[in-house]
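The structure appears right after this line, and notes come after that.
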Amino acid sequence: MTTTSVWHGTAPPTQWPALDEDLQVDVAVVGGGITGVTTALLLARTGKRVALLEARRVGSADTGGSTGNLYATVSGGVHALREKWGAEVAREVVASRADTVDFIEQLATQAARDAAAFRRCGMYVYAGSAEAEAQVHSEYEAVIEAGLYAQLIDMLPPGPPAAHGKVLRIDRQAQFHPMSYVQALAEQLVASGGRLFEHSAALEVNTSTNQVRTERGSVTAAEIVLATHSPSGFHLVQAGMVPHREYGIAGPAPGGAFPPGIFWAQGPERLSVRSLDTPQGPLLICVGEDHKVGQHDAPEALASLAAAARRRVQLSEVAFQWSAQNFQSPDNLPYIGKDTSGCYIATGFATDGLVYGTLAARIIAAQILGREHRWSDLYKATRFTPVKSARTFGEETVAVVKVVVQDYLTRRQHEELASLQPGHAAIVDLQGERLAAYRDLQGELSVVSPVCTHLKCMVHWNPVETSWDCPCHGSRFAPDGSVLQGPAIEPLKRKQVTA
Ligand SMILES: Cc1cc2nc3c(=O)[nH]c(=O)nc-3n(C[C@H](O)[C@H](O)[C@H](O)COP(=O)(O)OP(=O)(O)OC[C@H]3O[C@@H](n4cnc5c(N)ncnc54)[C@H](O)[C@@H]3O)c2cc1C
Ligand code: FES
């Protein structure tokens, strides 16, 4: 199956060089999503010597797999945040996010607003089924208490399906084209004197020598920022974070129109819908089907999303389909700042990371410049919150342990190597050794060790993305074993097998 996000499909590819020298700079930023590019730009503008290393292309991972919505609330609900942390923290979270949406607007304007397709719009939170009506009312009360201007209105603008009960409308939220935005910021980074390298995966981050090594070069820096979504290597925060994959599809808007806005249906069939204007006419984007990495049937999730979009917003033609990853912290707040590794990290954004990633860039840039930031304590990477994390941490640890035990004790997906059909993958036993095998459509076989190089869980096949995904902390690998997504840095071990 081939997947391309609507953002990849509607933005020109970037072409920055790969690193092939040894550099000495003030700050090395690893990862060219919204977090890394914004951090690097903010620092380069102050005169810091900055080098950004991106494993693939700028924006190509989760930033380019998002929905491109910018809002002051959070996808898990401000009411849930208030329940866990209290009203004061909920208010600060909303204030930090609203301020960051304004900040993104400023950056988008400087970077040519048209290119980033930034637009202010309303956000509509509504019940997709009767049982979610109460949730909409709780969210209304919580966002008002958190300081946002919001209303309960009788109906949605024409376009989305009818809502059950009242609709929560929050004004002055925003949308943009996330790929075009980070590409525009990347150009500004280079114009401000920063160095930017694509196809330059960090293969080693040495915190004793403060050096990041790539295949053909290295960067030595006073400070290292791991803006790789889940921070590369081993970090305490990974113990409690849950990696999820969520799915997206896009196609021509039915009837050639759809109102601007962020439309979030609450309830058992959660669906996020928005439109995107293109020269060929408006596209409708639908995102949903959130599942734990490596613990679900990916083709089934994509098919369910397509069925829901057909039924609920009459999206009949799918031009783009994709999935992307998010990481949820056990206490529902992101981790931002220096952790015990000595590097700066920014993770645990759930599906709210376009705003949180930009906020992380602001906090980390301020900290590197030796300044206090109003929100650095709220999101501190080294915080310890056993009570607030306990339930999620316990449930998730049990779920992961169950998968690991099953993987090691059962003969999952057992198949004979010789009978593996083109386009298929399986865990096979060969002369007593368990191997992960994939035969491509041309019949070529790739065989690798199924043992994840991060902390040794077993990878699972993802037929939608043609990748081996690790259920423990979300690392993803190509069929040849190379790393597609961290925290793993080392590839899966390749095996020479003929069949
Ligand atoms: C389906 C979906 C929809 C979403 N929609 C929204 C939304 O509407 N609004 C919102 O605010 N948030 C949304 N999110 C969340 C948001 O997309 C992410 O939180 C955000 O993009 C994270 O940005 P990032 O820069 O931290 O990570 P990424 O964009 O993943 O960037 C990390 C980069 O690091 C690179 N990298 C990794 N390892 C290495 C290495 N070893 N060396 C060099 N480079 C490396 C990767 O290639 C990647 O480009 C959504 C998430 C999902 C899954
Ligand atoms: S990602 Fe941690 S063990 Fe695989």
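Atoms within a ligand are numbered from 1 in the order they appear, just like the ligands themselves. This structure is a prediction, so every number in the text was calculated from the model and none was measured. By convention here, the first residue in the shown sequence is residue 1.
- Using a non-hydrogen distance threshold of 4.0 Å, Tyr71 registers as a contact of ligand 1.
- A donor atom on one side chain and an acceptor atom on the other are not found under 3.5 Å apart for His199 and Glu215.
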task: Applying salt bridge (Lys or Arg N to Asp or Glu O under 4.0 Å), run through Asp22 and Arg216 and close with a yes or a no.
output: CA-CA 9 Å; Asp22 296 325; Arg216 287 187 284 141; over 6 Å; no
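- Among residues two or more places apart in sequence or in another chain, the side chain to side chain donor-acceptor pair (under 3.5 Å) test is passed with Tyr247 by His296.
- Contacts of Val30 with ligand 1, taken as heavy-atom pairs under 4.0 Å, involve the side chain alone.
- Distances from ligand 1 to the non-hydrogen atoms of Gly65 include at least one value under 4.0 Å.
- Listed by number with element, the atoms of ligand 1 under 4.0 angstrom from any heavy atom of Val287 are 1 (C).
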Only pairs under 3.5 Å count here: list side-chain donor-acceptor contacts from residues 28-44, not counting sequence neighbours, and write none if there are none.
| residue | atom | partner | partner atom | Å |
| --- | --- | --- | --- | --- |
| Thr38 | OG1 | Ile34 | O | 2.5 |
| Thr39 | OG1 | Thr35 | O | 2.6 |

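- Some N or O of Gly353 is nearer than 3.5 Å to an N or O of ligand 1, by distance alone.
- Within the structure, ligand 1 lacks Ala346 among the residues with a heavy atom less than 4.0 angstrom away.
- Scanning the protein heavy atoms around atom 36 (N) of ligand 1, the nearest turns out to be Thr228 CG2, 3.7 Å.
- The aromatic ring centroids of Phe118 and His177 lie 6.0 Å or more from each other.
- For atom 42 (N) of ligand 1, the closest non-hydrogen atom of the protein is Ala202 N, 2.8 Å.
- For the pair Lys292 and Asp469, the salt-bridge criterion is not met [side-chain N within less than 4.0 Å of a carboxylate O].
- The side-chain contact (heavy atoms from CB on, under 4.5 Å) test with Trp16 is passed by exactly one of Glu54, Arg57, Glu187: Glu187.
- At a threshold of 4.0 Å, the pair Arg383-Asp339 does not count as salt-bridged, since none of the basic side-chain nitrogens sits closer than that to a carboxylate oxygen.
- Nearest non-hydrogen protein atom to atom 26 (O) of ligand 1 is Thr35 OG1, 2.8 Å.
- Residues Asp290 and Arg245 are not paired through a salt bridge, judged by the lack of any N-O separation under 4.0 Å between the basic side chain and the carboxylate.
- Distances between N or O atoms of Gly486 and those of ligand 1 include no value under 3.5 Å.
- Within ligand 1, counting atoms from 1 as listed, the ones closer than 4.0 Å to a heavy atom of Ala324 are 53 (C).
- Of the protein's non-hydrogen atoms, Thr63 OG1, 2.6 Å is the one closest to atom 29 (O) of ligand 1.
- With sequence neighbours excluded, the residues that form a salt bridge (Lys or Arg N to Asp or Glu O under 4.0 Å) with Asp277 are Arg119.
- The set of protein atoms (N, O or S) found at less than 2.8 Å from atom 4 (Fe) of ligand 2 reads Cys452 SG, Cys470 SG, by chain and number.
- Using a 4.0 Å cut-off between heavy atoms, Ala227 contacts ligand 1 through its backbone alone, with no side-chain atom that close.
- Both tests do not hold together for Arg274 against Phe263: distance to the six-membered ring centre under 6.0 Å, angle to the ring axis within 45°.
- Remark: ligand 1 atoms within the under-4.0 Å shell around heavy atoms of Gly32 are 33 (C), 34 (O).
- The distance between the ring centers of Trp7 and Phe176 does not fall below 6.0 angstrom.
- Ligand-side atoms of ligand 1 in range of Asp62: 17 (O), 21 (O), 28 (P), 29 (O), 30 (O), range being under 4.0 angstrom from any heavy atom.
- In the vicinity of Val355, heavy-atom distances shorter than 4.0 Å reach the ligand 1 atoms 11 (O).
- Scanning all protein heavy atoms for the shortest distance to atom 7 (C) of ligand 1 gives Asn69 O, 3.6 Å.
- Counted by atom type alone, Asn326 and His244 present zero donor-acceptor pairs between their side chains at under 3.5 Å.
- Close contacts of ligand 1 with Leu53, meaning ligand atoms under 4.0 Å from a residue heavy atom, involve 43 (C), 44 (N).
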- request: Mind running side chain to side chain contact (heavy atoms under 4.5 Å, CB included) on Phe258 and Leu283 for me, showing each step along the way?
  value: CA-CA 8 Å; Phe258 199 86; Leu283 294 174; over 6 Å; no
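- With a 4.0 Å cut-off on non-hydrogen atoms, His244 does not touch ligand 1 at all.
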- request: Decide disulfide bond (SG atoms under 2.5 Å apart) for Cys457 and Cys472; before the verdict, give the C-alpha distance in whole Å, the side-chain angles of both, and the deciding distance to 0.1 Å.
  value: CA-CA 6 Å; Cys457 291; Cys472 287; 2.0 Å; yes
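- At a 4.0 Å cut-off, at least one heavy atom of Ala201 sits close enough to ligand 1 to count as contact.
- Counting heavy atoms only, Ser66 comes closest to atom 4 (C) of ligand 1 of the residues Ala350, Ser66, Gly348.
- For atom 31 (O) of ligand 1, the closest heavy atom belonging to the protein is Gly33 CA, 3.4 Å.
- With Thr67, Ile345, Thr39 as candidates, the residue nearest to atom 3 (C) of ligand 1 on a non-hydrogen basis is Thr67.
- Shortest contact from atom 13 (C) of ligand 1 to any protein heavy atom: Thr351 O, 3.0 Å.
- Counting heavy atoms from C-beta outward, Arg476 and Trp468 have side chains that stay 4.5 Å or more apart.
- If you number the atoms of ligand 1 from 1 as listed, the ones under 4.0 Å from a heavy atom of Phe349 come out as 19 (O), 26 (O).
- A salt bridge between Glu289 and Arg270 is absent, with no side-chain N of the basic residue lying under 4.0 Å from a carboxylate O of the acidic one.
- Close contacts of ligand 1 with Gln325, meaning ligand atoms under 4.0 Å from a residue heavy atom, involve 53 (C).
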field: Asp62 and Gln485: CA distance, side-chain angles, deciding distance, side chain to side chain contact (heavy atoms under 4.5 Å, CB included) verdict
entry: CA-CA 10 Å; Asp62 300 313; Gln485 188 147 22; 2.7 Å; yes
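- No side-chain donor-acceptor contact under 3.5 Å links Asn206 and Gln211.
- Ranking the protein heavy atoms by distance from atom 49 (O) of ligand 1 puts Glu54 OE1, 2.7 Å first.
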